[in-house]
2 protein chains.
Amino acid sequence: MTLTVLLADDHAMLRSGMRAIFDTQEDLTCVAEVADGRAAVAEVARLRPDVAVLDIRMPKLDGLGATEMILADPANRTKVLLLTTYDTDEYVYRALKAGASGFLLKSLPPEELISAVRVAARGDALIDPSVTQRLIARFAVSLAPPPTPPELELLTAREREVLQLVAAAYSNAEIAARLHVGDETVKTHVSRVLSKLGLRDRVHAVAYAHVNGLVQTRR
Amino acid sequence: MTLTVLLADDHAMLRSGMRAIFDTQEDLTCVAEVADGRAAVAEVARLRPDVAVLDIRMPKLDGLGATEMILADPANRTKVLLLTTYDTDEYVYRALKAGASGFLLKSLPPEELISAVRVAARGDALIDPSVTQRLIARFAVSLAPPPTPPELELLTAREREVLQLVAAAYSNAEIAARLHVGDETVKTHVSRVLSKLGLRDRVHAVAYAHVNGLVQTRR
DNA sequence: TCGGAGATCCCCCGCGCGGGGGATCCGGTT
DNA sequence: AACCGGATCCCCCGCGCGGGGGATCTCCGA
């Protein structure tokens, strides 16, 4: 089975260079060449190639915008490979968010471009190693739990427990019922929490808890 | 300049296979072979190779634990490539969080293993395409803003503005001063916000705002 | 032209909340 | 035995807050 490819780049020379590379492969067919993003979107919709190789810098609509439009339409099954000279982080994030199957630099050796197209076509993805490094760093921080402020150590276990419930917007009476203690007890705990953390009232406590990741939201 | 490599895998056969691959390259030297994670950590500390290629499944200490120990020690400049048969997502996250320079499957062609070592040595990173695909998906959701609940549309611009300030734990008087209006006005806005959103009091409003991403914390 | 939505300001009332005192009981350390 | 930190419960007081009524003004669209 042969793979169909669309090329989008505003430099005719680069397009013919890439086409020459694909032509060396029997199973790859370059079915269209376009010079701007709008044409890329239109031709992808018309020809439904397996893979679209898009430059980021293009007239009318850039490669990122084209990627977003192509991948936003569920009728398209085309995989998108982005090719660029510059690897600004913002570009990378936008590309990956849109669902691109690849983010490659133009310094890529020809044979690797070929393999990239095959990778994309089979539903996998690949990212240039120089970009991957920074992506990992970014990913690591997004996985890392927010740093626990040291003043939290001042709280006793019970106080932390109460703080959790305050953060969940429970009233003193509700917390008392939930912990099976009197509400006067809860008031004492809350007071201690506020004074130890230097917070004015329970409203500040709620904000504090959320900002410092004491409440699990996403993930 | 030649690159030094450490191999860690509990299968002697696989180690000698990889060593044979590296031996075909003049600039790559395999300086050590070990069969478990603890030995890997020790040998890396002793020999300081440029790159350590670790299997994940190993006795005593697995490749992930070894990676964490190696990369936690700032005295080590060794880059870590993880090699595995299975690509469980949890493995990948843990590896990347620890700061691994690569996550590769054992199905990798020999020549790509060689290029992976060179990539790692120069400070870049690479991830197997089949893993990259899922990583992108995960990364995209971590970038995506939390969905805005529809009831927020009921609020007027001013009410949303007040909600933001309530979420930042400002009192009615502080909000009034900040918006240059009377505090009675603020009370009206807050009341409307609470009733429109079905919230009991401002404490619930703070929690609501944080849960629904109306307050920027990380990123 | 009239109506409604939105922003602004006003009064009263009840209550939850937070501060400031205090008390008892238990478990662990000294 | 004496001590202390932690958890529990109690009382009083002042105030911010939220609900329920109002009111005016402006802008915009029917």
Side-chain angles (χ1 to χ4, degrees), chain A residues 148-217, chain B residues 148-217:
Chain A
T148 301
E151 65 267 26
L152 252 180
E153 304 301 322
L154 297 174
L155 301 186
T156 68
R158 197 57 157 173
E159 285 161 357
R160 266 189 290 270
E161 200 178 353
V162 171
L163 175 54
Q164 295 274 355
L165 295 170
V166 169
Y170 288 108
S171 70
N172 284 345
E174 286 165 341
I175 296 174
R178 191 168 270 249
L179 297 183
H180 306 293
V181 296
D183 43 351
E184 292 296 332
T185 306
V186 176
K187 287 184 65 172
T188 307
H189 286 314
V190 172
S191 280
R192 290 201 129 68
V193 169
L194 295 181
S195 108
K196 283 184 181 178
L197 299 183
L199 302 170
R200 198 199 304 163
D201 53 31
R202 69 199 298 109
V203 177
H204 282 85
V206 175
Y208 174 92
H210 278 88
V211 168
N212 292 105
L214 300 184
V215 179
Q216 307 302 345
T217 50
Chain B
T148 301
E151 65 266 25
L152 253 181
E153 303 302 320
L154 297 174
L155 300 186
T156 68
R158 197 56 156 173
E159 285 161 357
R160 267 189 290 269
E161 200 178 351
V162 170
L163 176 55
Q164 296 273 355
L165 294 170
V166 169
Y170 288 108
S171 70
N172 284 345
E174 287 165 340
I175 296 174
R178 192 168 268 249
L179 296 183
H180 306 294
V181 296
D183 43 351
E184 291 296 333
T185 305
V186 175
K187 287 185 65 172
T188 307
H189 286 314
V190 172
S191 280
R192 291 200 129 65
V193 169
L194 295 180
S195 106
K196 284 185 180 177
L197 299 183
L199 301 170
R200 198 199 306 163
D201 52 33
R202 69 198 298 108
V203 177
H204 282 85
V206 175
Y208 174 92
H210 279 88
V211 168
N212 292 105
L214 300 184
V215 180
Q216 307 303 344
T217 49

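When reading the values below, keep in mind they use all heavy atoms of this one structure, side chains included, and skip hydrogens, waters and symmetry mates. Below, chains carry the letters A, B, ... as their sequence lines are ordered, and counting in each starts from 1.
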Nearest heavy-atom neighbours spanning A/Leu194 and A/Ala205: CD2-CB, 4.0 Å
Sidechain-backbone polar pair: B/Asn172 side chain, B/Ile175 backbone, donor-acceptor under 3.5 Å: no
Nearest non-hydrogen partners of B/Ala209 and B/Ala167, listed with the distance: CB-CB, 3.4 Å
Value in whole Å for how far the P atom of D/dT8 lies from NE2 of A/His180: 12 Å
Neighbour count >12 (heavy atoms, 6.0 Å) for atom CZ, A/Arg160: yes
Minimum-distance pair of heavy atoms, taken over all atoms of A/Val166 and A/Val206: O-CG2, 3.4 Å
Heavy-atom contact window of chain A on DNA chain C, given 5' to 3' at under 4.0 Å: C/dC17 to C/dG19
Whether A/Asp183 side chain and A/Val186 backbone form a donor-acceptor pair below 3.5 Å: no
Near-strand residues of residues 183-210 of chain B, defined as heavy-atom separation under 4.0 angstrom from DNA chain C: B/Glu184, B/Thr185, B/Thr188, B/His189
A/Asn212 side chain vs A/Leu214 backbone, donor-acceptor pair below 3.5 Å: no
Residues, nucleotides or ligands: over 12 heavy atoms within 6.0 Å of A/Tyr170 OH: no
